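From a predicted model like this one, the values you see are computed outputs, not experimental measurements.
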Amino acid sequence: MQIQGKKPYNEINITPLVDLTFVLLIIFILLTTAAVQGIKVDLPSASAAKTLDSPKSRVIAVANDGTVSIDAVPVSMAELEQQLRSSMATTPDLAVILRGDRAVQYDQIMQVLDLCSKVGVPSLGMAATRPPGGA
């Protein structure tokens, strides 16, 4: 006995699946952009630290394992030179902020400083944002 007016389903309704996919995509985009704020570097302390917040600045960070990154993107020294040269071409008064971990080898910092000098960076600052005895 078959009920009149009701047919068996021949296809699956995928609308809820598409909705779920879009929600997961939005969550993924929000979480990945929030996670890329910067590289964690343990800065040394300084008694008179100034801040340099300029839209014409790039931040180079050297982690304690020697990894160099520019604006939170890990790069090799050749890639760093290329990115600095392209930034200098678009912004001649470019300011570079160097953030070095307190445990990094001095040689690695000198290589980055030498590269900045070779490229001709007009303004170079060393980040030391922690107050003495601060965390």
Side-chain angles (χ1 to χ4, degrees):
M1 181 166 152
Q2 186 178 14
I3 301 173
Q4 289 184 342
K6 296 211 174 191
K7 300 186 292 186
Y9 288 112
N10 290 345
E11 52 192 55
I12 298 173
N13 185 6
I14 62 166
T15 304
L17 182 62
V18 172
D19 290 343
L20 178 66
T21 305
F22 283 130
V23 168
L24 289 175
L25 180 66
I26 289 171
I27 290 171
F28 177 74
I29 290 172
L30 291 176
L31 288 178
T32 55
T33 54
V36 184
Q37 294 297 326
I39 305 296
K40 175 84 171 115
V41 175
D42 186 19
L43 294 172
S45 61
S47 60
K50 295 181 181 178
T51 60
L52 176 62
D53 292 330
S54 170
K56 299 177 183 179
S57 66
R58 304 290 300 261
V59 178
I60 301 173
V62 183
N64 65 353
D65 62 352
T67 307
V68 178
S69 61
I70 184 165
D71 294 333
V73 178
V75 292
S76 67
M77 292 302 277
E79 293 169 334
L80 177 64
E81 180 178 1
Q82 178 186 12
Q83 287 194 17
L84 284 176
R85 286 191 190 279
S86 65
S87 294
M88 288 285 298
T90 59
T91 310
D93 58 340
L94 178 72
V96 173
I97 303 165
L98 179 60
R99 298 179 69 208
D101 193 281
R102 72 169 66 200
V104 74
Q105 293 291 322
Y106 187 67
D107 180 54
Q108 189 71 27
I109 297 291
M110 285 307 298
Q111 288 177 11
V112 174
L113 287 172
D114 185 45
L115 182 67
C116 290
S117 175
K118 179 177 145 184
V119 171
V121 174
S123 177
L124 178 66
M126 300 280 287
T129 58
R130 292 185 331 132

Side-chain donor/acceptor of Asn64 to backbone N/O of Val104, under 3.5 Å
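Answer holds: no.
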Inter- and intrachain pairs under salt bridge (charged side-chain N to carboxylate O under 4.0 Å, His left out), touching residues 77-95, at least two apart:
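Every pair satisfying salt bridge (charged side-chain N to carboxylate O under 4.0 Å, His left out) with a residue in residues 77-95: Lys56-Asp93, Glu81-Arg85, Glu81-Lys118.
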Which salt bridge (charged side-chain N to carboxylate O under 4.0 Å, His left out) pairs, counting each pair once, include a residue from residues 17-27, with sequence neighbours left out?
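Pairs touching residues 17-27 that pass the test: none.
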Transitively linked via ILVMFWY side-chain contacts under 4.5 Å: Met110 with Leu80?
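In one cluster with Met110: Leu80, yes.
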Would Val62 and Tyr106 show up in the same hydrophobic cluster when neighbours are defined by side-chain heavy atoms closer than 4.5 Å?
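As far as the 4.5 Å side-chain criterion goes, Tyr106 and Val62 are connected within one cluster.
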Contacts of type side chain to side chain contact (heavy atoms under 4.5 Å, CB included), residue Gln111, not counting sequence neighbours:
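Met77, Asp107, Gln108.
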Flag if over 12 foreign heavy atoms under 6.0 Å of CD1, Ile12
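Not more than 12 within 6.0 Å, no.
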Would the number of heavy atoms belonging to other residues, nucleotides or ligands and lying under 6.0 Å from CD1 of Ile14 be above 12?
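It does not: Ile14 CD1 has 12 such atoms or fewer within range.
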Spacing of [atom1] belonging to [X] relative to [atom2] belonging to [Y], to within rounding of 0.5 Å:
X      : Y      : atom1 : atom2 : answer
Met88  : Leu94  : CE    : CG    : 6.5 Å
Leu113 : Leu124 : CG    : CG    : 5.5 Å
Leu30  : Ile26  : CG    : CD1   : 7.5 Å
Ile97  : Ile70  : CD1   : CD1   : 11.0 Å

Is there a side-chain contact (heavy atoms from CB on, under 4.5 Å) between Leu84 and Ile60 once you walk through the steps?
CA-CA 10 Å; Leu84 284 176; Ile60 301 173; 4.2 Å; yes
Ignoring hydrogens, what is the shortest heavy-atom contact between Cys116 and Val96? Give both atom names and the distance.
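Answer, listing the atom of Cys116 first, then Val96: SG-CG1, 4.3 Å.
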So, for Pro92 and Pro122, which heavy atoms are closest and what is the spacing to 0.1 Å?
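Taking Pro92 first and Pro122 second, the nearest heavy atoms are O-CG, 3.4 Å.
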Does Met126 reach the side chain of Ile109, with side-chain heavy atoms less than 4.5 Å apart?
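A side-chain contact under 4.5 Å exists here.
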side-chain contact (heavy atoms from CB on, under 4.5 Å) assessment of Val23 paired with Ile27
CA-CA 6 Å; Val23 168; Ile27 290 171; 3.9 Å; yes
